[in-house]
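Here's the structure, in structure tokens; my notes come after.
The analysis underlying the following values was restricted to heavy atoms, covering all of them including side chains, and did not include hydrogens, waters or symmetry mates.
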Amino acid sequence: VQLQAFGGGLVQAGESLRLSCAASGSIFSINVMGWYRQAPGKERELVASITFDVGTDYADSVKGRFTISRDNAKNTVYLQMNSLKPEDTAVYYCAAGWYRRLKSTRTYDYWGQGTQVTVSS
């Protein structure tokens, strides 16, 4: 599976951005996609995920501001980011993998290139 991310940029606090992640290749081998981010000096964290035919999850820090969605026909996942804050500044990575229902675990095996999001105050 190949993932290609788009949409990062420089915005001011309070503004919005939308990230896109297009998946290609062996799409049948994934049933969950997510967005991670990593700020300088910090660990990579999961921001949002969408499990196909199950639902979405968000980090507490972005609940109510970010929305993850999926266009099945385009094999693309979006991350709509509203009311951006300077602390949202990070490199955002798209990831895809498999959700094991019985164990309720998600494993991300595929990663796209990062896209920089910078929010100025």
Side-chain angles (χ1 to χ4, degrees):
V1 175
Q2 294 78 45
L3 304 174
Q4 193 164 13
F6 304 92
L10 170 63
V11 297
Q12 293 188 334
E15 294 184 341
S16 299
L17 273 178
R18 189 176 80 157
L19 305 182
S20 302
C21 177
S24 60
S26 302
I27 304 298
F28 60 86
S29 65
I30 61 173
N31 66 357
V32 60
M33 294 183 71
W35 287 96
Y36 280 76
R37 68 185 180 187
Q38 188 167 22
K42 295 188 177 181
E43 292 187 355
R44 188 174 296 190
E45 63 171 344
L46 180 62
V47 175
S49 66
I50 183 165
T51 306
F52 302 176
D53 302 323
V54 175
T56 58
D57 290 290
Y58 298 92
D60 288 343
S61 59
V62 306
K63 282 181 181 176
R65 299 189 298 122
F66 290 12
T67 303
I68 189 169
S69 61
R70 175 175 169 240
D71 184 328
N72 294 353
K74 296 181 179 179
N75 294 320
T76 299
V77 168
Y78 304 97
L79 185 67
Q80 178 66 42
M81 305 184 292
N82 297 330
S83 302
L84 282 161
K85 304 176 181 180
E87 50 264 44
D88 295 318
T89 295
V91 177
Y92 284 70
Y93 297 90
C94 176
W98 194 254
Y99 170 66
R100 293 171 175 79
R101 296 175 186 268
L102 290 180
K103 294 186 176 182
S104 192
T105 58
R106 294 171 179 81
T107 305
Y108 292 95
D109 299 310
Y110 308 99
W111 293 84
Q113 85 285 5
T115 184
Q116 177 71 46
V117 172
T118 303
V119 185
S120 63
S121 57

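- Residues W98 and T105 have side chains not in contact (no heavy-atom distance under 4.5 Å, counting atoms from C-beta outward).
- When all heavy atoms of A5 and C94 are compared, the pair lying nearest together is CB-CB, 4.4 Å.
- G7 and L17 get closest at one heavy-atom pair: O-CD2, 3.8 Å.
- Within the 4.5 Å cutoff, no side-chain heavy atoms of D57 are placed close to those of L46.
- Contact record, S16 with V11: O-CG1, 4.1 Å, taken as the closest heavy-atom pair.
- In this structure the side chain of W111 reaches within 4.5 angstrom of the side chain of Y36, judged on heavy atoms.
- Under the 4.0 Å criterion applied to side-chain N and carboxylate O atoms, D60 and K63 are assigned as salt-bridge partners.
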Go through the steps to decide whether R37 and L79 satisfy the test side-chain contact (heavy atoms from CB on, under 4.5 Å), and finish with yes or no.
CA-CA 12 Å; R37 68 185 180 187; L79 185 67; over 6 Å; no

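- The structure places CZ of R101 at 9.5 Å from CZ of R106, a figure rounded to the nearest 0.5 Å.
- Between atom CZ of residue R70 and atom CG of residue N75 there is a gap of 7.0 Å, rounded to the nearest 0.5 Å.
- Shortest non-hydrogen contact noted between V1 and S29 is CG2-OG, 3.4 Å.
- Atoms CD1 and CG, from I30 and D109 in turn, are 10.0 Å apart once rounded to the nearest 0.5 Å.
- Within the 4.5 Å cutoff, the side chain of M81 has heavy atoms near those of the V117 side chain.
- Nearest heavy atoms, R65 versus S83: NH1-O, 2.9 Å.
- One hydrophobic cluster, built from ILVMFWY side chains closer than 4.5 Å, holds both L19 and I50.
- Using a 4.5 Å cut-off on side-chain heavy atoms (C-beta onward), V77 and W35 make contact.
- No path of Ile, Leu, Val, Met, Phe, Trp and Tyr side chains, each step under 4.5 Å between heavy atoms, connects I27 with V54, placing them in separate hydrophobic clusters.
- Between F66 and Y92, the angle of the ring planes lies from 30° to 60°, which puts this pair in the tilted group.
- Side chains of V119 and E87 form no contact here, defined as non-hydrogen atoms less than 4.5 Å apart.
- Shortest non-hydrogen contact noted between Q4 and Q113 is CA-OE1, 3.7 Å.
- Residues T67 and Y78 form no side-chain contact, since every pair of their non-hydrogen atoms from C-beta on lies 4.5 Å or further apart.
- Distance check: M33 CE to L3 CG gives 5.0 Å after rounding to the nearest 0.5 Å.
- Here the CD atom belonging to Q38 is positioned 8.5 Å from the CD atom belonging to E43, to the nearest 0.5 angstrom.
- Hydrophobic clustering places L84 together with Y58 (ILVMFWY residues linked when any side-chain heavy atoms are closer than 4.5 Å, directly or through intermediates).
- Atom CD1 of I68 is separated from atom OG of S49 by 6.0 Å, given to the nearest 0.5 angstrom.
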